[in-house]
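Notes for the one structure printed next.
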Amino acid sequence: MPGTDSEAARDASLPARAKIAVTAGKMAAALSQKAGRGSGSVIGGKIALRLDPDLLATLAEHLDVVLVSATNGKTTTTRLIAEALRAAGPVVSNALGANMPAGITAALAGGSDAKFGVIEVDEKYLAMVARDTRPKVIALLNLSRDQLDRAAETRMMAEKWREGLKDTDAVIVANADDPLVTWAASSCKKVVWVAAGQAWKEDAWSCPSCGGVMQRPGDDWFCGECGFRRPNPHWALQGTHVIDPHRGAWPIQLQLPGRANLANATSSAAVAAVFGVAPQVALQRMQSVTAVAGRYDVVQFQGRDIRLLLAKNPAGWLETFSLIDGPPAPVVLSVNALDADGTDTSWLWDVDYERLAGHPIFVMGQRKLDLAVRLEVAGLQFQVVDTLAEAVAAAPAGRIEAIANYTAFQQLRKAVVA
C-alpha cells in the first residue's frame, strides 16, 4: 500500500534493516485490511519488529514522545493530549488503542512528518516502551484491578513501574490522588503532581510502601505507619476548572461526558504545558473531541438511539454508571472473557450493579450467565438476550445505554454498522 511522499522520503533515510522492516510491515497490514481482518496494525507491527527488533527506537528518534499509561482512561487521555499538542506541531498517535509494542511500532511507522509522538501504552509494557522511545513525558493516571490473569495484582504492577521508570529522564505527570501511582512515580527524578481524583478506592487501602492500612480522610490519604502520604499537587481539577501551578483557573468544556474525562483533561493540560502549550489553548483544542475509538458514540440502530460505552473493570464500571441517563433509561450490559478481556470474571462481584436499580436491563455477551448470576444476587430485574437486536426490540422507549467490556464493545460496534 503506497504511503505519502513524506513517508517515502523518511523511509528512504532509514537504516537498511529498518527500511525493509517498515516496508514488510506495511505490506502485511495492507493484506490484512484487504482480507477484512481489521486495520492490520498489530500484524504489521509484529512482522516489522521480527525483522528489526530495534525498529521502535529508530522510529522514535526524531520525535518528542509522550507515553500515557493507566488501567482506565489512557485511550481518551492520549487523544486529548494529541489534540492539545497539535497546537505546537504535527502529531502521530496510536489513536485506536493498539497499545503494545507491535501496535505502537505500526503507528510510529506512519508518522514521518510528526514532531510529537503521543502513545498509549499497556501497563505491562510501559517500562519497555519507555526504554526504547526515550519519552519527554510519561503520564500515569491510575492503577486498579484489571485482567488479573495477565497483569497480576495492582501493587505488583506499581512496583514494575517504580523499578522500570526510576532512571528515566522523562517528566512524570502523575495522579497524586492514587496512592499506587504516587508510590510508583516517587522513585522518579522529575514529577509533576496532578490532583485528578480517585472515585474507585477499593484497590488502595493498603500502603504500597509498607503494607500498613491507609488513612483516607476526605480527598487526602496517608499511611500512619510509615508516613507515606499524598504529595501537594501542582495541577488540580476543581469542579469544571483546571487549576494550574500559578493558581490560574481554566474552564473545561468537553463534549465527552463524566467526571473521569474532566480528570483526563486536567492531566492532559499538565502534559501539554511541559511543551509550552498554555492551558487555555490546550483545553480549547480538546473541545473538538466528541468520541474516542467509538466510545461515547450515539448511533442509530433499528430506529433507536444507542450510546456505546466501554467499561472493563470495577473502576471503569463505577465511572460509567455515574454518567448514564437515569431510570427508566434502558441499559444493555455485555461481557466477554476472551484473551483481550482477561479470562478471569471474578471482578464482576466487585461492581456495584445495585446502582442500576430502576433501569430495564438486558444482559448479553459470552459470559452473560456469569453476569446474570451477579445481577440476581443484586436483586435486580433483567432479561437475558442473545443479540443487540433482541434487546432493542424488547427495550422500552428512550435512549439505550449499551455498556460492554473490550471485545464485547467491539462486537456491539460491528452490530450497529452491519
Side-chain angles (χ1 to χ4, degrees), residues 36-39 41-42 72-76 79 95-99 120 146-147 255-258 260-261 289-325 328-343 345 347-348 351 353 355-356 359-372 374-375 380 382-418:
R37 303 183 68 178
S39 68
S41 61
V42 173
N72 293 300
K74 52 185 176 288
T75 302
T76 300
R79 176 68 183 279
L96 297 180
N99 60 21
E120 170 190 342
D146 185 49
Q147 298 188 23
Q255 297 192 62
L256 302 177
N261 283 319
V289 179
T290 58
V292 179
R295 302 163 201 195
Y296 314 110
D297 266 339
V298 177
V299 298
Q300 279 273 319
F301 180 71
Q302 296 189 349
R304 300 289 296 276
D305 283 342
I306 301 177
R307 181 160 59 163
L308 302 178
L309 300 166
L310 178 71
K312 303 179 293 183
N313 48 55
W317 285 83
L318 178 64
E319 293 286 3
T320 301
F321 290 161
S322 72
L323 59 87
I324 64 174
D325 293 338
V331 176
V332 173
L333 307 178
S334 186
V335 172
N336 288 349
L338 302 176
D339 286 345
D341 306 299
T343 56
T345 57
W347 58 267
L348 290 170
V351 179
Y353 287 108
R355 289 171 176 252
L356 295 179
H359 289 274
I361 302 170
F362 301 88
V363 178
M364 58 182 288
Q366 179 204 23
R367 303 305 285 268
K368 60 190 176 186
L369 297 183
D370 290 2
L371 182 53
R374 174 67 184 91
L375 297 182
L380 299 175
F382 60 91
Q383 181 176 336
V384 177
V385 298
D386 293 322
T387 65
L388 180 61
E390 186 181 344
V392 170
R399 183 171 73 178
I400 298 170
E401 305 281 15
I403 310 171
N405 70 342
Y406 185 71
T407 64
F409 181 83
Q410 303 305 328
Q411 291 168 358
L412 284 178
R413 289 186 70 193
K414 289 180 180 178
V416 298
V417 300

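The residue from Leu412, Thr320, Val332 that alone fulfils the side chain to side chain contact (heavy atoms under 4.5 Å, CB included) condition with Ile403 is Thr320.
Partners of Thr345 under the side-chain hydrogen bond (donor to acceptor under 3.5 Å, both in side chains) rule, at least two apart in sequence or in another chain, are Asp370. Scored by the side-chain hydrogen bond (donor to acceptor under 3.5 Å, both in side chains) test, Gln411 finds Asn336 as partners (sequence neighbours excluded). Residues forming a salt bridge (charged side-chain N to carboxylate O under 4.0 Å, His left out) with Asp305 (at least two apart in sequence, or on another chain): none. Phe321 meets the ring pair (Phe, Tyr, Trp, His ring centres under 6.0 Å) test with Trp317, Tyr353; sequence neighbours excluded. In this structure Leu369 satisfies the side-chain contact (heavy atoms from CB on, under 4.5 Å) test with no other residue, sequence neighbours excluded. Scanning for side-chain hydrogen bond (donor to acceptor under 3.5 Å, both in side chains) contacts around Asn99 gives Glu120, with sequence neighbours left out.
Between Leu318 and Arg355, the closest side-chain pair of non-hydrogen atoms falls below 4.5 Å. Proximity of Arg367 to Asp341: side-chain heavy atoms (C-beta onward) are nowhere separated by under 4.5 Å. Within the 4.5 Å cutoff, no side-chain heavy atoms of Val385 are placed close to those of Lys368. For the pair Leu333/Leu375, a side-chain contact is recorded, criterion being any heavy-atom separation below 4.5 Å from C-beta on. In this structure, Asn261 and Leu323 have side chains that are not in contact, with every pair of non-hydrogen atoms separated by 4.5 Å or more.
Distance alone, capped at 3.5 Å, is enough to place a donor-acceptor pair between the Arg374 side chain and the Leu348 backbone. No donor-acceptor pair under 3.5 Å is formed between the side chain of Thr76 and the backbone N or O of Gly73. Distance alone, capped at 3.5 Å, is enough to place a donor-acceptor pair between the Arg304 side chain and the Gly398 backbone. Between the side chain of Glu401 and the backbone N or O of Ala329, no donor-acceptor pair lies under 3.5 Å.
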Assess the residue pair Thr407 and Gln366 against the criterion (side-chain contact (heavy atoms from CB on, under 4.5 Å)); give the C-alpha distance rounded to whole Å, side-chain angles, the decisive distance to 0.1 Å, and a yes or no. CA-CA 10 Å; Thr407 64; Gln366 179 204 23; 6.0 Å; no
Check against side-chain contact (heavy atoms from CB on, under 4.5 Å), Val335 and Trp347: CA-CA 11 Å; Val335 172; Trp347 58 267; 4.2 Å; yes
Leu388/Ile306 under side-chain contact (heavy atoms from CB on, under 4.5 Å): CA gap, chis, key distance, verdict: CA-CA 10 Å; Leu388 180 61; Ile306 301 177; 4.2 Å; yes
Worked check of side-chain contact (heavy atoms from CB on, under 4.5 Å) between Ile400 and Phe301: CA-CA 10 Å; Ile400 298 170; Phe301 180 71; over 6 Å; no
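Of the inter-residue distances, the one linking Thr290 atom OG1 with Tyr296 atom OH reads 12.0 Å to the nearest 0.5 angstrom. Going from atom CG of Leu308 over to atom CZ of Arg295 covers 11.5 Å, rounded to the nearest 0.5 Å.
Heavy atoms only, all atoms of each residue included: Gln255 and Val289 are closest at CB-O, 3.6 Å. Taking all atoms of both residues into account, the shortest heavy-atom contact from Val351 to Pro314 is CG2-CA, 3.8 Å. The two residues Ala95 and Ala293 come nearest to each other via the heavy atoms O-CB, 4.4 Å. Between Asn72 and Gly316, the shortest heavy-atom distance links the atoms ND2-N, 3.7 Å. Nearest approach of Lys312 to Asp146, heavy atoms of both residues: O-OD1, 3.5 Å. For the residue pair Pro360 and Pro396, the shortest heavy atom distance occurs at CG-CG, 3.5 Å.
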